[in-house]
Amino acid sequence: MTVRTVAGRDVRLTSLDRVLFPEVGVTKGELLAYVDDHAELLLRDLRGRPVALKRFPSGLSGEGFFQKSRPEHAPDWLGAVDVPLRQGGVKTHAVVEDVADLLFLTNHGTIELHPWLSTAAALEEPDTVLFDLDPPEGSDVAEVRWATRAVRGLLEGELGIATRCKTSGSKGFHVSFPLTGPRTFEETGAFAGGVAAVLAARHPDRLTTETRTAARDGRVLIDVGRNAYGQTAVAPYSVRARPTAPVATPIAWDELSRVEPRRYTVTNLRRRLGQRDDPWRGDGVSAVDLADLAAPLEGLRREAGV
DNA sequence: GCCGACC
DNA sequence: GGTCGGCAACGCTGC
DNA sequence: GCAGCG
């Protein structure tokens with residue numbers, strides 16, 4: 001056990017030799033070191049947001065669970081926000097602000113960090129639109145790459161929206177862009193759903209918006225379900241709870257053709273960041289006002305018949 | 001990882 | 001003192 | 001209303 005002191009806060013770091021990822025031998029100490037060393041990159045997209053946790057306190061060989069509530073008996077300096085639930089009631093979520101928060105949550109068994117697409121200060125106001133490209137079982141990575149490019153092509157080529165891409169660290173890729181101006185989850189959800197519907201109508205043999213597995217029929221799912229109140233998506237640079245300890249990693253668009261969804265891991269991400277800057281830093285992607293896009297998107301919908 | 005309930 | 005359960009919930013579709 | 005899905 002060691003104690004890490006950050007700005008006067010003591011974080012107990014325990015069981016450092018526990019192997020959390022048996023297949024690659026990554027220990028809790030190594031996971032904590034990864035989080036500590038990449039805290040600024042993690043915080044960029046986590047700071048000020050409610051965060052859901054995927055925890056495996058005894059490693060991937062043990063039980064794992066998804067947790068939305070702020071852990072009870074967390075130190076009082078860990079941020080909190082009372083989130084009204086749509087179904088009624090309130091649940092207190094953790095809010096991440098700094099490296100001490102990240103280290104506490106990691107020591108507590110958290111592997112994956114899933115922030116909201118809105119901040120604690122404006123829960124009803126998403127600041128990002130996100131598309132999750134999810135390939136069918138057993139398909140070649142080329143297919144989900146093609147789908148990812150198709151989403152970018154419509155957003156960037158037809159609507160003039162600059163976009164970002166990251167590996168999910170799991171099976172596919174995420175495409176996103178930041179928002180400005182007044183907006184609600186109802187609006188971002190409708191926008192993302194409209195884009196997905198147009199693409200699925202144009203390429204009905206390769207793309208679908210059907211979440212039901214049976215109806216998917218070998219097509220790539222364009223999942224827009226994250227663009228809704230109370231939903232979360234894995235944070236850029238979060239580790240995933242999968243055997244090789246992959247990391248959801250921002251990539252430049254020209255890397256998509258040679259990067260696989262689980263390419264970067266706790267073990268090799270350092271080397272990548274030693275060789276090149278974080279691709280999302282200074283990428284020139286500017287925030288979008290969805291109000292400017294309602295009419296153009298409606299035109300695309302009309303053409304596509306959806 | 002940790003608490004509370006139960007044995 | 002050991003063991004065991006709990007630790008999520010939006011929006012949609014289809015039955 | 002309930003189950004499945006991400």
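Below, read A as the first sequence line, B as the second, and so on, with proteins coming before strands; counting in each chain starts at 1.
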Engineer: Base, sugar-phosphate, or nothing: which does A/K54 touch, judged by heavy atoms less than 4.0 Å apart?
Structural biologist: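 No contact.
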Engineer: Would you call A/R9 and A/E97 a salt bridge, taking side-chain N to carboxylate O under 4.0 Å as the test?
Structural biologist: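 Here A/R9 does not pair with A/E97 in a salt bridge, since their nearest N and O are not under 4.0 Å apart.
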Engineer: Is a donor-acceptor pair below 3.5 Å formed from side chain A/R212 to base C/dG14, judging by atom type as modelled?
Structural biologist: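 In this structure, the two groups form no donor-acceptor pair.
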Engineer: Kindly say if A/K68 contacts the phosphate of C/dC10, meaning a side-chain N or O under 4.0 Å from OP1 or OP2.
Structural biologist: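 Checking C/dC10 against A/K68, no side-chain N or O comes under 4.0 Å of OP1 or OP2.
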Engineer: Out of C/dG14, C/dA8, B/dG1, which has the shortest distance to the side chain of A/F66?
Structural biologist: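 Looking only at side-chain atoms, A/F66 lies closest to C/dA8.
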Engineer: Taking only the side-chain heavy atoms of A/K91 (C-beta and beyond), determine which of D/dG6, C/dA8, C/dC7 contains the nearest atom.
Structural biologist: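 Taking heavy atoms from C-beta onward, the closest nucleotide is C/dA8.
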Engineer: Among B/dG1, D/dG6, C/dG14, which nucleotide has an atom closest to any side-chain atom of A/D132?
Structural biologist: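 Nearest listed nucleotide: D/dG6.
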Engineer: What nucleotide, of D/dG6, B/dG1, C/dC10, holds the atom closest to the side chain of A/D134?
Structural biologist: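 For A/D134, the side-chain atoms sit closest to D/dG6.
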Engineer: Ignoring backbone atoms, establish whether A/T211 has a side-chain N or O less than 4.0 Å from OP1 or OP2 of C/dC12.
Structural biologist: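 Answer is no, no contact under 4.0 Å.
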Engineer: Can you spot which of A/L46, A/V239, A/T232 makes a side chain to side chain contact (heavy atoms under 4.5 Å, CB included) with A/L113?
Structural biologist: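 Of all the options given, the one that passes is A/L46.
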Engineer: Can you identify which nucleotide, out of B/dG1, C/dG11, C/dC7, has its nearest atom closest to the A/R86 side chain?
Structural biologist: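 The answer is C/dG11, which lies nearest to the side chain.
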Engineer: Over all strands shown, is A/R226 touching base, sugar-phosphate only, or nothing at heavy-atom distances under 4.0 angstrom?
Structural biologist: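 Sugar-phosphate, no base atom in range.
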Engineer: In whole angstrom, what separates A/R70's CZ from C/dA8's C1'?
Structural biologist: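 Going from CZ in A/R70 over to C1' in C/dA8 covers 18 Å.
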Engineer: Out of C/dA9, B/dG1, C/dC10, which has the shortest distance to the side chain of A/A228?
Structural biologist: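 Nearest nucleotide to the side chain: C/dC10.
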Engineer: Counting any heavy atom closer than 4.0 Å, what does A/F65 reach on the DNA or RNA strands: base, sugar-phosphate only, or nothing?
Structural biologist: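 A/F65: base contact, heavy atoms under 4.0 Å.
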Engineer: Side chain of A/H73: nearest nucleotide among B/dG1, B/dC3, C/dG14?
Structural biologist: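 Per side-chain heavy atoms of A/H73, the pick is B/dC3.
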Engineer: If you check the A/R216 side chain, which of D/dC5, C/dC7, C/dG14 turns out closest?
Structural biologist: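 Ranking D/dC5, C/dC7, C/dG14 by closest atom to the A/R216 side chain puts D/dC5 first.
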Engineer: Which one, C/dA9, D/dG6, B/dG1, comes nearest to the side chain of A/L85?
Structural biologist: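 That would be C/dA9.
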Engineer: Might you work through the side chain to side chain donor-acceptor pair (under 3.5 Å) test for A/T14 and A/N107, ending with a clear yes or no?
Structural biologist: CA-CA 7 Å; A/T14 54; A/N107 190 64; 3.2 Å; yes
Engineer: Mind checking the C1' distance from D/dG6 to C/dG6? Whole angstroms is fine.
Structural biologist: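 D/dG6 and C/dG6 have their C1' atoms separated by 23 Å.
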Engineer: Taking only Lys NZ, Arg NE, NH1 and NH2, and the carboxylate oxygens of Asp or Glu, determine whether A/R240 and A/E112 approach each other closer than 4.0 Å.
Structural biologist: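 A/E112 and A/R240: salt-bridged.
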Engineer: Describe the nucleic acid contact of A/Q87 in one word from base, sugar-phosphate, nothing, applying a heavy-atom distance below 4.0 Å.
Structural biologist: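 The answer is sugar-phosphate, as A/Q87 gets under 4.0 Å only of primed atoms, P, OP1 or OP2.
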Engineer: Got a salt bridge between A/R276 and A/E255, using NZ or NE/NH1/NH2 to carboxylate O under 4.0 Å?
Structural biologist: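 Answer for the salt bridge query: yes.
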Engineer: So A/S15, base contact, sugar-phosphate only, or nothing? Heavy-atom distance under 4.0 Å.
Structural biologist: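 Since only primed, P, OP1 and OP2 atoms lie under 4.0 Å of A/S15, the category is sugar-phosphate.
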Engineer: Looking at every non-hydrogen atom in both residues, tell me the closest pair between A/L117 and A/R49 and how far apart they are.
Structural biologist: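 Distance-wise, the nearest heavy atoms are C-NH1, 3.5 Å.
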Engineer: How close or far is atom C1' of D/dG6 from atom CZ of A/R240, stated in whole angstroms?
Structural biologist: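 Computing the A/R240:CZ to D/dG6:C1' distance gives 12 Å.
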Engineer: Categorize A/S58 for me: base, sugar-phosphate, or nothing, with a 4.0 angstrom heavy-atom threshold over every strand shown.
Structural biologist: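 If one applies the 4.0 Å heavy-atom cut-off, A/S58 turns out to touch nothing in the nucleic acid.
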Engineer: Would you indicate which nucleotide in C/dG11, D/dG6, C/dA8 comes nearest to any side-chain atom of A/T213?
Structural biologist: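 Within the option list, the nearest is D/dG6.
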Engineer: Whole angstrom is fine here: how far is it from CG in A/N227 over to P in C/dG11?
Structural biologist: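 Taking atom P of C/dG11 as the reference, CG of A/N227 is at 12 Å.
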Engineer: With sugar-phosphate meaning primed atoms plus P, OP1 and OP2, does A/R18 contact a base, only sugar-phosphate, or nothing at under 4.0 Å between heavy atoms?
Structural biologist: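 Sugar-phosphate only.
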